[in-house]
Amino acid sequence: MSKPTVDPTSNAKSGPAVPVNFLRPIIQADLDSGKHTQIVTRFPPEPNGYLHIGHAKSICVNFGLAQEFGGVTHLRFDDTNPAKEDQEYIDAIESDVKWLGFEWSGEVRYASQYFDQLHDWAIELIKAGKAYVDDLTPEQAKEYRGSLTEPGKNSPFRDRSVEENLDWFARMRAGEFPDGARVLRAKIDMASPNMNLRDPIMYRIRHAHHHQTGDKWCIYPNYDFTHGQSDAIEGITHSICTLEFESHRPLYEWFLQNLPVPANPRQYEFSRLNLNYTITSKRKLKQLVDEKHVNGWDDPRMSTLSGFRRRGYTPASIRNFCDMIGTNRSDGVVDFGMLEFSIRQDLDANAPRAMCVLRPLKVVITNYPQDQVENLELPRHPQKEELGVRKLPFAREIYIDRDDFMEEPPKGYKRLEPNGEVRLYDRLFRSPNPEKAEDSASFLDNINPDSLQVLTGCRAEPSLGDAQPEDRFQFEREGYFVADIKDSKPGQPVFNRTVTLRDSWGQ
Ligand code: ATP
Ligand code: MG
């Protein structure tokens with residue numbers, strides 16, 4: 001576990017390590033050839049959960065490349081599925097992107113802003129004989145779709161006239177039919193080896209309230225009929241997504257080629273970030289929250305950005321981690337130790353030092369005068385003089401770590417105040433690949449029952465009483481800690497352990 005699976009320097013042929021990002025030369029070439037004068041990228045989350053570490057990778061790729069090449073990035077909510085979406089997620093996502101240190105260009109955008117345009121374009125495709133209303137039930141449609149080894153069959157409704165299709169589609173929109181009764185499909189090729197081209201659904205009926213458009217619509221466009229056109233409307237130059245969308249690219253291009261879109265974005269795919277011991281599926285993270293295996297989306301054991309934030313991870317260390325693992329098209333699993341390495345590096349350089357004994361033992365120095373207190377001055381950080389000094393009282397009664405019990409404590413032990421609660425977080429999953437579990441029951445079986453340990457009665461040096469929420473420290477010999485953003489009260493910080501001083505997992 002101590003050895004990272006990915007060596008951050010292995011990509012560098014000479015000189016300082018430059019993490020490889022295969023998109024960099026593509027963008028450079030597009031700028032050199034004059035194909036684009038400014039690059040525009042976008043980060044397109046669906047607001048159906050909180051952002052996790054995988055999203056951080058996508059954010060760093062999209063915002064990072066735009067920054068590097070003097071371009072801009074849009075934040076666009078990909079909100080085509082009102083049933084699962086919520087304002088709470090929108091707020092959390094915006095706040096997480098800002099916390100990571102990125103700024104989107106202009107207002108926040110929503111794919112739902114383009115629903116009128118998309119609807120007009122759907123009608124154009126119908127008029128061009130390239131889309132039709134299909135009455136097959138979902139079960140029949142599945143049967144007609146064929147399989148990876150067998151071509152699909154044309155639906156008996158495929159050859160409806162343009163007039164009929166316009167009429168059915170208008171009635172779908174008017175709310176005449178229940179959910180699932182009919183769909184609008186693109187007329188492409190039921191025999192295509194690419195299943196995504198077998199007359200994909202463009203619109204489905206869903207009588208649902210939408211967080212942005214209210215009750216205006218009872219038909220909603222599918223992701224594939226939305227994403228590329230939204231990119232085109234916004235003038236996105238490089239539409240960067242993860243590899244599972246590779247087989248959607250021909251469809252992305254088909255819609256752009258068959259519609260009078262104002263621009264021609266191109267889709268590029270990179271491999272998802274997979275981290276061992278970590279869940280990066282919103283659905284499963286939501287299950288952990290809903291079933292109360294954790295205390296909310298921002299529980300410090302969660303792999304969400306808000307969880308990492310409460311745990312004390314810094315935005316810089318997450319950005320650095322995302323850069324150092326590179327951006328490529330080959331699947332792999334990154335060792336969690338790499339992320340921790342990045343956190344330690346940042347905290348070692350920047351976190352003030354403090355004393356806090358987690359498992360204290362009171363020691364009375366009987367030959368030390370009863371009422372005497374000596375104040376020792378210690379630097380807050382060994383390398384950063386500018387952080388100043390802190391005062392540590394030394395007196396007759398001191399606290400030492402139970403593990404350090406000695407009959408005769410050497411001079412230099414400090415008196416520590418009884419303030420503080422610490423919790424210690426460990427990894428939420430025992431198994432390195434918790435997501436691989438076939439069914440959800442066994443992914444939950446992987447939960448580490450000791451992932452949360454609360455220690456009370458810890459003894460901390462007086463200066464820690466002033467710690468503000470999110471102040472980070474190295475507790476000498478114990479690890480890096482952060483004052484909890486939620487549970488700390490004035491004068492009574494509650495500390496979370498961010499990471500141990502050294503990689504000790506599994507030892
Ligand atoms: P989930 O499968 O957890 O619901 P998602 O990919 O559907 O995730 P979106 O909100 O659609 O979630 O994701 C927004 C962007 O983040 C997408 O472009 C997606 O490709 C990217 N993304 C999601 N997970 C990862 C990951 N593990 N690594 C890199 N990028 C990711
Ligand atoms: Mg998605």
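Please read all numbers here as calculations on a predicted model, not as lab measurements. Whatever order the structure lists them in is the order used to number ligands and atoms, beginning at 1.
- The atoms of ligand 1 that sit less than 4.0 Å from any heavy atom of His55 are 8 (O), 9 (P), 10 (O), 12 (O), 13 (O), 14 (C), 16 (O), 22 (N), 23 (C).
- Identified under the ring pair (Phe, Tyr, Trp, His ring centres under 6.0 Å) test for residues 178-202, with sequence neighbours left out: none.
- Residue Leu273 has at least one N or O atom closer than 3.5 Å to an N or O atom of ligand 1.
- In this structure, His248 has its ring center no closer than 6.0 Å to that of His227.
- Between Arg272 and ligand 1, at least one pair of N/O atoms sits closer than 3.5 Å.
- Contact atoms of ligand 1 toward Thr242: 19 (C), 20 (O), 29 (C), 30 (N), 31 (C) (distance under 4.0 Å to a heavy atom of the residue).
- Two residues are said to be in side-chain contact when any heavy atoms from C-beta on lie closer than 4.5 Å; Tyr89 and Trp297 meet this criterion.
- Not one N or O on the side chain of Lys130 forms a donor-acceptor pair closer than 3.5 Å with the backbone of Lys187.
- The shortest N or O to N or O distance between Lys282 and ligand 1 is below 3.5 Å.
- Counting the atoms of ligand 1 from 1 in the order shown, those under 4.0 Å from a heavy atom of His52 are 3 (O), 24 (N).
- For Thr242, the side-chain contact (heavy atoms from CB on, under 4.5 Å) partners at least two apart in sequence or on another chain are Glu244, Phe245, Phe270, Arg272.
- Contact check on Asp299 versus Lys292 returns no salt bridge, with no Lys/Arg side-chain nitrogen under 4.0 Å from an Asp/Glu carboxylate oxygen.
- With Asp199 contributing its side chain and Arg185 its backbone, the two residues share no donor-acceptor pair below 3.5 Å.
- Interface atoms of ligand 1 facing Ser281, defined by a heavy-atom separation under 4.0 Å, are 3 (O).
- Considering backbone and side-chain N/O of Gly54, one or more are found under 3.5 Å from N/O of ligand 1.
- Between Arg283 and ligand 1 there is no heavy-atom distance shorter than 4.0 Å.
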